[in-house]
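Order of the sequence lines sets the chain letters (A, B, ...), proteins ahead of strands, with each chain counted from 1.
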Amino acid sequence: MTDTSTLDFRQLRERAANVERVGYGAGSLIICDNLVKIYKVADLEVVALQGLDLIVDKAELIAIVGASGSGKSTLLNILGGLDVPSAGRALVGGYDLLNMDAKERTRYRRQVIGFVWQQTARNLLPYLTALENIEMPMILDGMPRKLRQERSRELLDLVGLGERANHRPDRLSGGEQQRVAIAVSLANAPQVILADEPTGELDTATSNEIFGVLRHVSNDLGVTVVVVTHDPLVSDKVNRTIAIRDGRTSSETLRRTETNAAGDHNIIAEEFAVLDRAGRLQLPRDYVDSLELDRRVRLALEADHIGVWPDQVREEAATGTRTSSPARSTGNNHEEQSR
Amino acid sequence: MGRLFAGQRLNPLRRQPALTRLVLRNTVRPHSLPLIVPLLVVVALCAFVLSAIPRYVNFISDAALQRSVGDAFVQRAGVSLTSRERIAPRPVGDPFATLDARGQRYNAALPASVNHVVTNATWLAESPIFDLVDENGVSAFASQWLDASLVFRYEPNAWNHVSIVAGRSPAPHSPILLSEFLGEPVAMDGYLPVLEVALSQHAASNLNHSLGDRFLLRPRSDDELTLDIPGALFDVRAVAEIVAVIEVPDETDPFWCGDPRVSRADTWRRNDFLFTRASVLLAPDQYTDVFRFSAPIPWRYTWRYPSDPARFEQDNTDAISTDVGTLAMLSGTPGDPEATLDLRTDLPALIDLFLRQRALAIAILAFSAAAITAIGVGLVLLLGLLVSERRRFETRLTRSRGASAFQLVSARLSEAALIACPAAAIGLLASLLIPGRASNWSLALAVAVAIGATIAIALATVPISTAPLHIIQTDRPGLGAHPRRVTVEVATIAIALVGVYLIRRRGFTSGDASEPVALDPYVIAVPILVAIAAGLVLLRAMPLALRAASTFAAHGRTLVLFLGLRRASARSPLGHLPFMVVLAAAALAVFSGLYDRSIATSQRESVWQQVGADLRIEPLIEGGQLGIDESIATIPGVEAAAPALLTTAKLPGAATTDVPDIQFLAIDPNAAERITAASPQPHTYPATLRIEQFSSDIGSDMHPIPAVLSSTLVEGPNDIAVGDTLTVSAEARHISIIVSGSLSSLAGLDPDAPFIVIPYDAWEIATAGTANPNLALVRTSSDDTAQVAAEIATLAPDARIIRRDEVLDDLRGAPLTVGIVRGFRISALFAATAAILAVVSALAVSARLRAREISILRTLGISPRGIRSLLILESTVPASVAVMAGAVVGIATARLIAPGLDISSVTGISQPGTLTADWFVALLIFAMLITLVGAVVLFSVFDRRIQLGQSLRLGDE
């Protein structure tokens with residue numbers, strides 16, 4: 001170990017500045033670390049996010065699923081710069097969402113994020129044509145006229161609506177409106193596109209079209225796409241699905257394609273419980289219910305896993321019998337006995 | 001994916017036009033028109049009113065000034081310079097031609113401002129006054145209680161403006177001996193010049209002479225021209241012979257400058273003497289004789305510069321008032337060492353009176369303008385907020401795409417300018433239709449309206465452009481109890497209360513009688529501040545009251561009533577803002593209506609006070625006789641008539657040092673009561689005055705005449721009580737009266753002076769039948785007044801007939817009064833329009849949101865009729881509360897500031913007018929309620945049918 005006793009304060013400070021910091025989610029595009037959001041409704045406080053952790057890398061296409069009231073829309077609003085978290089850390093593309101002033105937040109919404117909402121009518125200004133809707137964010141960003149017109153046409157071609165440039169939204173179908181909405185969200189070349197139920201109002205075929213566009217945007221343009229949905233069909237289309245429950249990430253499902261010896265492509269989906277930085281994880285509801293786990297559990301550290309057992313004290317109290325203890329008890333138990 | 005665009009971004013200003021173009025697309029959508037059109041209308045109306053007011057003020061001020069000058073006696077409204085000196089007339093030709101040159105020199109020396117308004121300069125020469133005397137030099141008609149005198153008058157071209165109706169033109173006459181004149185020998189005989197004179201028939205009659213008569217003349221000793229002349233020179237000087245009777249075909253001919261003395265002798269009565277003075281004309285070459293025998297008495301030379309009312313404008317009044325004072329510098333003109341010029345003009349007084357009246361008119365019109373502006377600003381702000389609310393979705397979407405608050409507000413600013421500027425221009429152009437001289441203020445105010453409306457509309461977008469996005473996503477930006485907002489509201493209320501206190505103390509105009517009047521904008525704005533303060537209280541209190549009412553209604557069986565009240569109470573603060581505008585509008589309408597009504601009532605009262613009857617007949621000359629009697633009661637159309645005596649009296653035995661001259665009226669009480677029955681100050685007398693037969697010694701100490709005294713006498717320092725017997729001195733007679741009652745005022749008598757009223761019959765007996773009435777009051781049926789007046793005019797050519805309806809029309813038709821009344825009426829009309837616009841606009845904006853809620857109710861089974869009732873109820877209840885609250889504010893504000901707003905100059909009475917809150921105000925409030933309810937009902941009828949399925953799919957928007 002280096003003897004630092006001879007170093008003065010200045011030198012110690014220099015050494016500290018040169019140390020590489022490898023923090024949580026370093027190198028990722030979206031980092032949510034113990035994110036908390038509390039709403040006050042009348043006299044009630046509602047904790048929408050209760051310490052949510054999330055890491056999303058560049059060019060990923062992920063889905064966030066959860067029941068109504070789980071916090072997924074709140075998360076989306078925070079990531080989109082539409083709302084401010086109450087505590088925790090949220091970094092997107094280097095922007096600290098907790099500590100932005102109004103000017104930074106505007107620049108963030110303009111240059112970093114693209115948004116696609118569920119209702120097709122909410123994505124577009126009804127009195128502008130498709131081309132003008134796409135141009136609008138570029139106007140806000142100060143792009144010169146010639147350049148923005150060129151780019152708008154490029155984006156319309158990208159989403160397959162080059163011939164509908166001068167049509168207003170009321171003359172476009174639902175799917176076409178959503179495609180235009182995607183083009184709008186790409187107007188200022190954002191790093192992230194946030195889509196809130198983008199296919200919620202569309203039929204299956206159109207939904208597939210929309211998702212195809214989003215996948216193309218992610219794969220070919222390198223844009224990170226975060227889709228919030230409760231539709232299992234949608235989550236099946238992405239490589240990574242994050243489930244949110246009670247304001248925290250509860251599980252992640254990773255999908256990969258494997259080719260067997262016969263040359264058949266199989267999609268393998270593996271579900272993982274999410275372990276947050278504090279070491280907490282959410283047990284699946286059906287697991288908890290089947291073992292009637294309640295309030296506290298006993299943990300046992302094995303060579304390659306950690307066992308989770310129901311609470312024995314209650315069980316003994318209920319039956320009057322004592323069962324054998326697990327192979328190895330937790331450190332806490334030892335400390336209790338030694339006292 | 002890296003940044004696509006790495007080039008130079010356009011600076012924020014250069015980005016703005018493109019964004020503004022996009023925003024303007026929204027402006028012209030049919031969706032936006034229900035709010036954009038009212039904005040255009042309101043801005044145009046405000047600009048029109050504010051631009052028109054300066055022109056209108058010029059119009060009514062010029063008209064008022066011209067009328068004031070035109071109605072004044074011609075010589076009062078002009079300038080006259082009088083010199084007392086001796087200028088020898090030329091023996092031939094124009095005897096006083098040198099006066100013409102002098103007049104032109106004075107004319108050139110007049111200040112430009114005075115020169116601008118005067119015209120047709122003339123001059124005249126007048127000899128000293130000569131008494132008609134006997135051979136002993138004593139007044140010839142002393143025994144007849146007649147004091148007769150004449151003045152020789154020369155006026156260029158006078159003979160061209162008279163006609164000889166009898167006799168011949170005067171010519172030189174040889175002198176005669178005094179003995180020849182008298183027809184008998186005299187001790188000291190001598191030749192006297194004979195002057196052939198021409199005078200009017202009226203003058204001849206008053207001098208007790210006729211055509212062909214001769215009379216002796218002697219200079220009058222109490223003439224101001226003879227003050228420095230030794231007494232020994234006052235002896236018989238000349239003989240005058242009437243050789244021609246002339247008439248003036250047109251007394252109103254501008255040549256005479258309103259001077260009637262050639263047409264009629266100047267006559268007045270003092271004590272029991274009748275004084276009469278005639279102006280007579282001579283042959284041009286006779287003035288030398290008059291000048292010679294009147295030596296060394298100076299003559300009076302007057303240069304007259306009558307004014308032309310049409311040349312007066314309010315802008316030159318200050319210069320005229322200032323410059324008229326410098327005319328006195330004309331005295332002592334070099335070359336006229338003995339001349340002393342006497343300047344006579346009432347122009348400064350006329351102008352001063354006009355300026356005071358104009359100050360009131362301007363104050364009231366400025367108040368109307370300020371009130372209209374305040375309501376206009378409030379309405380523009382409200383409509384702007386409603387537009388922002390209507391565009392909530394677009395604003396939220398644009399902000400989520402990265403629009404900054406600056407970009408949104410700037411785009412709205414450009415949009416607002418494109419709405420406000422053309423509207424203001426239209427208003428300004430429309431104001432050109434208003435009569436009156438142009439004023440720079442019109443353009444300035446129109447520009448101010450355009451700028452103010454632009455800023456107000458843009459400001460209305462600030463809340464939604466700066467509020468956190470997550471708030472505008474779901475909730476409505478509220479006007480909750482934020483400490484800063486509460487502080488501003490409390491401060492507004494406090495400022496309003498302080499303003500009320502100030503205006504009660506200081507009035508609407510600052511300055512005293514000796515200083516120019518000035519307007520204080522703060523106190524003019526006080527009523528507006530009071531309305532805003534009341535609106536703020538209503539904004540906070542109404543939801544609570546409606547909720548309480550809905551709780552009561554919940555116990556009833558009618559769902560619609562409960563739902564309507566609950567929905568009205570649950571309205572967002574923005575939803576209550578239209579009712580704040582309604583309150584302010586109602587306050588303004590009631591305030592204006594109250595003053596309009598009060599002015600009309602006060603004018604009617606003042607005219608009754610002044611005239612006393614439908615017709616008031618007085619002698620043309622002071623002290624003259626009426627020439628009519630009780631027979632006028634038989635004229636068709638006369639319902640009652642009362643000859644009377646009106647004179648002054650004194651109470652010799654009382655402590656009268658503090659009591660002005662007492663008005664003494666002798667009149668038939670029964671007739672007086674009938675004549676004044678419709679008056680606000682009717683004559684009502686106790687029975688003791690209505691005795692049919694008085695004793696022959698009525699008026700003595702044994703039988704005092706029953707009398708009614710004014711309250712000021714009975715309650716004053718003289719310690720007079722009902723039942724007391726007093727001695728009164730009137731018309732050189734002393735009579736005893738017994739106080740039978742007291743009254744505060746009587747129609748036809750000066751309200752500021754005390755009075756004593758006795759029965760005319762008693763007065764006749766007490767004066768042994770020598771009383772001559774000098775006043776007659778007549779009541780006519782309403783359609784016959786003109787005819788009766790014409791009939792009386794033929795019966796009494798020497799009487800002045802005053803018609804009450806003409807006096808009232810004249811008072812009401814005064815330009816400044818018309819301007820003030822119109823100002824109030826336009827304010828009321830604007831207020832009503834603003835209230836309707838506010839309510840209907842709010843309904844239009846909330847239609848979509850309402851559609852979803854109502855669709856849910858319809859799925860639950862409520863009928864379309866129930867829905868319509870719901871809509872009407874939830875709008876009309878708050879609107880009615882706002883109207884009633886506004887009416888209370890309007891009445892309270894009017895009463896509070898009444899002591900500070902003296903309307904007596906337009907009502908014609910000396911006391912500040914009292915406010916009359918009678919059936920008219922109640923009718924006004926009822927009309928406003930009906931209008932608002934009608935507007936809401938109409939809207940509900942024409943509101944498009946809600947498509948249930950479509951509206952339920954709307955989601956948040």
Hey, does [Y] have a side-chain heavy atom less than 4.5 Å from the side chain of [X]?
X: Met136(A); Y: Arg401(B); answer: yes
X: Leu397(B); Y: Phe115(A); answer: no
X: Arg107(A); Y: Ser404(B); answer: no

As an exercise, state the distance from [atom1] of [X] to [atom2] of [Y], rounded to the nearest 0.5 Å.
X: Leu125(A); Y: Thr395(B); atom1: CG; atom2: OG1; result: 9.5 Å
X: Ser400(B); Y: Arg109(A); atom1: OG; atom2: CZ; result: 7.5 Å
X: Leu128(A); Y: Arg21(B); atom1: CG; atom2: CZ; result: 12.0 Å

Answer yes or no: are there more than 12 heavy-atom neighbours, outside [X] itself, under 6.0 Å from its atom [atom1]?
X: Arg215(A); atom1: CZ; result: yes
X: Arg240(A); atom1: CZ; result: yes
X: Phe552(B); atom1: CZ; result: no

Atom group of Glu394(B) that falls short of 4.5 Å from chain A, counting heavy atoms: both
Residue Thr398(B) versus chain A: region with a heavy atom under 4.5 Å: both
Top of Leu124(A), Thr224(A), Thr106(A) for chain B proximity - count of heavy-atom pairs under 4.5 angstrom: Thr106(A)
Listed partners of Phe211(A) passing ring-ring contact (aromatic ring centres under 6.0 Å, His included), at least two apart: none
Candidate pair Leu22(B) and Ile139(A), rule side chain to side chain contact (heavy atoms under 4.5 Å, CB included), full reasoning: CA-CA 10 Å; Leu22(B) 295 183; Ile139(A) 293 172; 3.6 Å; yes
